[in-house]
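Throughout, numbering of the chain's residues begins at 1 and tracks the sequence. Quick caveat: nothing in here was measured; it's all calculated off a predicted structure. Order of appearance sets the numbers: ligands from 1, and atoms from 1 within every ligand.
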Amino acid sequence: MKRTQQLRQLLLSGQTEFIMEAHNGLSARIVEEAGFSGIWASGLALSAQFAVRDNNELSWTQVVDVLEFMSDVTSIPILLDGDTGYGDFNNMRRLVKKLEQRRIGGVCIEDKLFPKTNSFIQGEQQPLEDIETFCGKIKAGKDSQSDDDFNIVARVEALIAGWGLDEALKRAEAYRQAGADAILIHSKRLQPDEVLAFATEWADRAPLVVVPTKYYSTPTDVFREHRISLVIWANHLVRASIAAMQAVAADIAASESLVESEGRIAPVKEIFRLQGADELLAAEKRYSGTGRSPASAVILAASRGTGLDELTEDKPKVMISVDGKPVLRRLVDKLKSRDVNDITVVAGYKHEAIDVQGINLLISPHWENGGELSSLDAARDALTDDTVILYGDLLFRSYILTNLLDWDADLLAVVDSTPVETIEGNATDLVWCSAPDNRAMYQQTVSLEAVSSSPGAVGRPPEGRWIGLLRVKGDGRRVLLDSLNRLKAQPDFAAMGMPELLTEMARNGHAPQVQYISGHWLDLNSIDDLQRAIRFAHGHRN
Ligand code: SPV
Ligand code: MG
């Protein structure tokens, strides 16, 4: 049902209904969750939340902007406290159109002069609008609404201004005849007597609305007995928030600690709930092409690292400390800093020495005789829809991972295009590609053709080296597992490494794409590598 229609039904239900003040999206959502059937967008509360006065210091467009947030997060009708309509009949026409565009249920206008003052501040000194002019405003509003159910409530301020019951009744009747859908009779007395006297005389000529802020102790049944249609609890959420904020601010200021406050305030989780964070997570899954679905990682860390001698006597090489931090911990921290939190480490040699938090540690059953593919085979259940597979002894600059995760490809291998002859130490995992690195282009489309540690494997110089970093995503997982299964059927599977797998995928028409880099990484195969690694890592957290 349209909000306008919902509000109309509240006014005409024949029972006493209740609406609650809200002043922004958050409070509007809280009002709806509390079970109210409508919201009072109070001028006092709207201006108070910005710490400006209820004297039209907030412009009408600023009011409408806030209403848009309130309307967007709720499904119950909003009745705007539209003050005097922010000007003359013409301003009123434009206001109604703008409110309808934001699916506001209706507006209440009061018969004072622009700029108005809150009724509880020297109310008796406030001038009232002349009756005919105010009726013109009501008519202009009714004539400009395009939805028949949009509601205009006319607020009579005669009792506030001290003009008496007769004047109030005279005005209410004129406003009814001008087309008002309901009359709001306001009073600043501590007892409801003048409002109830009005209600009795009024005798149901049109729905009657009251705001018992001052006469708050009136039993609610009294309103029912007087056939009040709508009771507005007009400012109670802004006041509740002021009291809560003052108490918490004072406590934290005095104690210089959060300990006492923490249990008394809404948890951060509750903020997320009210913001609808879950919906966004679900949407990210649904529209995963554009959303972030966190990748997982499989780190191959089963080998001892024979070139590192006594350094690996009591631990695998991934636990060698580089500038004060084990290589594996650097890797895990780097992955986590990019939201890759589901990390499986496939260990073997001296796995008991692996002391890194936040990983799933998996012991490869064949690590003593098996190679990298035996380890990967052991971790096949850890391959998700999006997995980064990497060597455990790898150090690299963070942007390489960022770019890898940013790139949309089912299979993506990071290849260093630094000329092999300029590399210090042993150049392994040489790669032949469909094109050399064109350094001018980001995300150049190149595919991997073969990987081998033997320079003569292909009959031409290689385009670079695979650094031990591969992303497998979507259908790439199936491709990888198919290739792994084919290789597993071969007798020398135990000796095979990742190069054989990459080459097998390429050979079967599923060549991984290549992400070229130039330097900015190294791995640990020798004592010399370790010296380079220490220089490389120095000053970097991961
Ligand atoms: C408001 O809530 O802004 C009102 C009601 O107009 S009162 O403050 O009582 O005038
Ligand atoms: Mg107001």
May I have every N or O pair linking ligand 1 to the protein at under 3.5 Å, one per line with atom names and distance?
residue	atom	partner	partner atom	Å
ligand 1	2 (O)	Trp40	NE1	3.1
ligand 1	2 (O)	Ser42	OG	2.7
ligand 1	3 (O)	Ser42	OG	3.2
ligand 1	3 (O)	Gly43	N	3.2
ligand 1	3 (O)	Leu44	N	2.8
ligand 1	3 (O)	Asp81	OD2	2.7
ligand 1	6 (O)	Asp81	OD2	2.9
ligand 1	6 (O)	Arg155	NH1	2.7
ligand 1	6 (O)	Arg155	NH2	3.4
ligand 1	8 (O)	Asn118	ND2	3.0
ligand 1	9 (O)	His186	NE2	2.8
ligand 1	10 (O)	Arg155	NH2	2.9
ligand 1	10 (O)	His186	NE2	3.4

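Side-chain contact of Thr213 with Arg239: a donor-acceptor pair under 3.5 Å is absent, judged by distance alone. A donor atom on one side chain and an acceptor atom on the other are found under 3.5 Å apart for Glu173 and Gln177. Residues Glu32 and Thr74 bring no donor and acceptor atom of their side chains to less than 3.5 Å of each other.
Listed by chain and number, the residues in a ring-ring contact (aromatic ring centres under 6.0 Å, His included) with Trp202 are Phe198 (sequence neighbours excluded).
Pairs engaging residues 268-277 under the salt bridge (Lys or Arg N to Asp or Glu O under 4.0 Å) rule: Glu33-Arg273, Glu270-Arg273 [sequence neighbours left out].
Stacking of Arg94 on the aromatic ring of Trp60 is not recorded, the 6.0 Å distance cut-off and the 45° axial limit not both being met. With Phe120 as the aromatic partner, Lys214 meets the cation-pi criteria of under 6.0 angstrom to the ring centre and within 45 degrees of the ring axis.
Within the protein, the number of N, O or S atoms lying under 2.8 Å from the Mg ion (ligand 2) is 1.
When side chains are defined from C-beta on, Ile76 counts as touching Ile39, because their heavy atoms get closer than 4.5 Å. Looking only at side-chain heavy atoms (C-beta outward), Lys334 and Ser398 come within less than 4.5 Å of each other.
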